[in-house]
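I have placed the structure first, in the form of structure tokens, so that the comments after it can refer back to it.
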Amino acid sequence: MTLDEILAGLFPSGHDVVVGPGKLLLGTGRRVCGRAVEVIGIAEGEPLGIDGVLPLAERVLDIAAAGGDAPMLVVVDTQGQRMARRDEMLGLNEYLAHLAKCLLLASRSGHPTIGLNYGRAAAGAFLATALATDVLVALPGAEPAVMDLPSMARVTKLPLEKLEALAKTTPVFAPGLDSMTKVGAIAQVWDPAKPLDVQIETTLATIPAHDVRDALGAERGGRLLATGIAWRVADQASRYRRV
Amino acid sequence: MSETGRPFGASASWFLSTARERLAKLLDAGSFTEFVPPSERAQSPHLASFDLPAAFDDGMIVGCGRLDGNSVLVAAQEGQFMGGTFAEVSGAKLLGLIRAARDDEKLPRSILLLLDSGGVRLQEANAGELAVAEVMRAIVEARAAGVAVIALVGGRAGAFGGAGLIAATCSAIVISEQGRTGVTGPEVIETNKGVEEFDSRDKALVWGVTGGRTRRLIGGADAYAEDTAASFREATLALMGKARPFDLATLRAEQARLAGRVGRLGGCDRAAAMWKALGVADPRAAGDMDDPVFVALVADVKGAGDDAR
């Protein structure tokens, strides 16, 4: 689906979301009930750097400051963080973390947040946007990844054929929608053949109050150990409570 | 002597120490208790598929101890095991620790993260990336519940990728000259964008861009430590009572701080130009000067002190 089709499908009652400078998405959509959904995002595979983070974060803070309970939709198609000496020199890690913190604050302030991955999503840009929402959904054709397999082969010095074969047996490292769903990162995959406005309403009605991604990963068999280990650490820590 | 047989004291190099040595010297003597210790064999089930050895602690050590008598929770990454990477087990150990503090106000209200990490472990990339996202959310929730989360960066692997984002999600960051932080490492930028964009073999350039002195000067870290456990301890203690709350006002201040930094320094193409723009008269001398002289210089630089987080 193209971005235009997605936005038209989500908001049949209208929206003013546009792709502006830096391929940043900003605007508001109208739900069928007449209420607003605030939209931010990044489109066309554009890498996310410091110049992209600042306007997005400012918009999120404005929404949090305005009060109310309008949901926020974070739409992402980005190849990853911008790889540039300038961005690194200025502290890109702080900028990306800032956007994630703003989204988490908005959620805590009463604005449910949905991430929507419809194209690429990778690495630090993924952490700063879609992975910092209450619930992450995807559309078929989305390509979430930490790193593509050829690059991974280079860095790990393993033959590409071996990685391709391993990818078929475990979701723990291979790029792609299926893997990211199995480990619990993506909560739902929407069906493009059905009305998106109905599907976003269903998602909004079932936003989890807590981070349930480790439980999802265990349930789906993609991340079997994480939940138990986190629980064991917390359990052993509880012996050291102040009395 | 340390457990590796090398002489070890509070003055030994933080950069060269193992994670366990750092914990032993940072905390009050004998005060450290480990949760899910190596005897429980919480190790990666995935590395064997890649013909790689696992470690009984998966390179992440979590527990509690005391810092100058104050109870703290601590986590330390072992940068010499798989680059200190976030993976299914190592990530879950850290997540469990932070969530415990978030959920139980009777647990220590300070968490120290001794980061030493290249980011996400590629052999477990999806589990590792997601663990970083979960940890970032848990840090925010813990901070909102009144917990101070302090990152200490000075290990060989620095704090890159997901570890760089985690550091910047904390209440405060302590860094040493050898500590490096960022998102994409210089080698990866060079591979993807060419040697003209970033020459990873130009060590002066690399340290200038990612190193602890630049980070401290531009406000990318809140405190500067010498390369010893004693200095990290002192800097951490000074920050422990001062964490800003996690709220709209702090993030507004952070937005202004980060936008202001781009306005002041966004036109610079090398670290030396940034230092100059910040008012450092002789950037080359500042790179070479001893730590105490550098600390005095930081006090005079505008921007280094306006940390919001």
Side-chain angles (χ1 to χ4, degrees), chain A residues 50 54 57-58 61 64-65 81 83-86 88-98 100-102 104-105 108 123-124 126-127 131-132 146-147 152 155-156 158 166 170-173 179-180 183-185 211 213-214 217 223 225-226 229-234 236-238 240-242, chain B residues 35-36 42 45-46 49-50 62 64 88-89 92-93 95-97 99-100 104 106-107 120 122-127 129-130 132-134 136-137 140 144 161-162 164-165 167-169 181-184 189 192-193 197-198 209-210 218 220 248 251-252 254-255 258-259 261-262 265-266 271 274:
Chain A
I50 56 176
L54 287 172
E58 182 157 41
L61 289 177
Q81 72 269 12
M83 291 190 190
R85 194 175 71 196
R86 171 179 178 267
E88 286 298 333
M89 197 160 73
L90 288 166
L92 181 58
N93 62 314
E94 294 174 86
Y95 290 78
L96 292 175
H98 176 58
K101 285 184 278 185
C102 290
L104 293 166
L105 178 84
R108 298 181 59 79
F126 200 15
L127 289 168
L131 284 175
V146 178
M147 192 183 262
M152 215 177 259
V155 178
T156 58
L158 289 167
L166 270 175
T170 171
V172 81
F173 77 95
S179 298
M180 280 295 187
V183 295
D211 197 340
R213 293 175 288 190
D214 48 350
R223 233 173 14 136
L225 293 181
I229 297 220
W231 182 85
R232 260 159 69 195
V233 169
Q236 292 181 25
S238 70
Y240 296 89
R241 302 179 81 223
R242 206 166 9 95
Chain B
F35 307 146
V36 189
H46 307 296
S49 321
F50 297 88
V62 296
C64 65
E88 177 166 3
V89 171
K93 287 172 85 174
L95 184 64
L97 185 81
R99 284 186 179 167
D104 188 347
K106 298 274 190 193
L107 285 175
V120 168
L122 289 180
Q123 292 83 356
E124 307 178 33
N126 298 331
E129 175 101 342
L130 187 46
V132 170
E134 291 170 323
M136 288 170 66
R137 178 165 172 175
V140 159
L165 268 75
T169 308
T181 179
V183 188
T184 314
I189 296 184
N192 283 280
K193 301 291 166 184
E197 179 62 33
F198 207 150
V209 168
T210 65
I218 68 173
L248 182 62
L251 292 191
R252 282 280 198 211
E254 180 75 350
Q255 175 84 18
L258 295 177
R261 187 190 295 169
V262 176
L265 307 173
M274 289 203 306

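Below, chains carry the letters A, B, ... as their sequence lines are ordered, and counting in each starts from 1.
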Leading residue by heavy atom contact count with chain B [cutoff under 4.5 Å; candidates [options]]:
options	value
A:Thr170, A:Ile229, A:Asp211, A:Asp214	A:Asp211
A:Ala84, A:Ala64, A:Ser238, A:Ala100	A:Ala84
A:Ala57, A:Pro171, A:Ala97	A:Ala97
A:Val183, A:Leu105, A:Leu131, A:Leu96	A:Leu105
A:Leu158, A:Thr156, A:Leu166	A:Leu166
A:His98, A:Met152, A:Arg86	A:His98

Among the listed options [options], the residue most often paired with chain A at heavy-atom distances under 4.5 Å:
options	value
B:His46, B:Arg261, B:Lys193	B:Arg261
B:Leu251, B:Ile189, B:Val132	B:Leu251
B:Val120, B:Leu95, B:Val262	B:Val262
B:Leu107, B:Thr181, B:Leu265, B:Thr210	B:Leu107

Quick check on [X] against chain A: is it the side chain, the backbone, both or neither that has a heavy atom closer than 4.5 Å?
X	result
B:Ser49	both
B:Arg252	both
B:Lys93	both
B:Val62	side chain

Does the side chain of [X] reach to within under 4.5 Å of the side chain of [Y], using non-hydrogen atoms?
X	Y	answer
B:Pro45	B:Val89	yes
A:Phe173	B:Leu122	no
B:Thr184	B:Phe198	no

Would you give the length of the straight line joining atom [atom1] of [X] to atom [atom2] of [Y], rounded to the nearest 0.5 angstrom?
X	Y	atom1	atom2	answer
B:Cys64	B:Phe35	SG	CZ	3.5 Å
A:Met83	B:Asn192	CE	CG	4.5 Å
A:Glu58	B:Leu258	CD	CG	12.0 Å
A:Leu127	B:Met136	CG	CE	6.0 Å
A:Arg108	B:Arg137	CZ	CZ	9.0 Å
B:Thr169	A:Glu94	OG1	CD	10.5 Å

Against chain B, label [X] side chain, backbone, both or neither, depending on which of its atoms sit under 4.5 Å from a heavy atom there.
X	value
A:Gln81	side chain
A:Ala132	neither
A:Ile50	side chain

- [ ] Among B:Glu134, B:Glu88, B:Glu124, find the one that has a salt bridge (Lys or Arg N to Asp or Glu O under 4.0 Å) with A:Arg223.
- [x]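 The single option meeting the salt bridge (Lys or Arg N to Asp or Glu O under 4.0 Å) with A:Arg223 is B:Glu134.
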Open item on the list: For the backbone of A:Ala234 and the side chain of B:Arg99, can you confirm whether one donor and one acceptor N or O come within less than 3.5 Å of each other?
Closed with: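 Checking the backbone N and O of A:Ala234 against the side chain of B:Arg99, no donor-acceptor pair under 3.5 Å is found.
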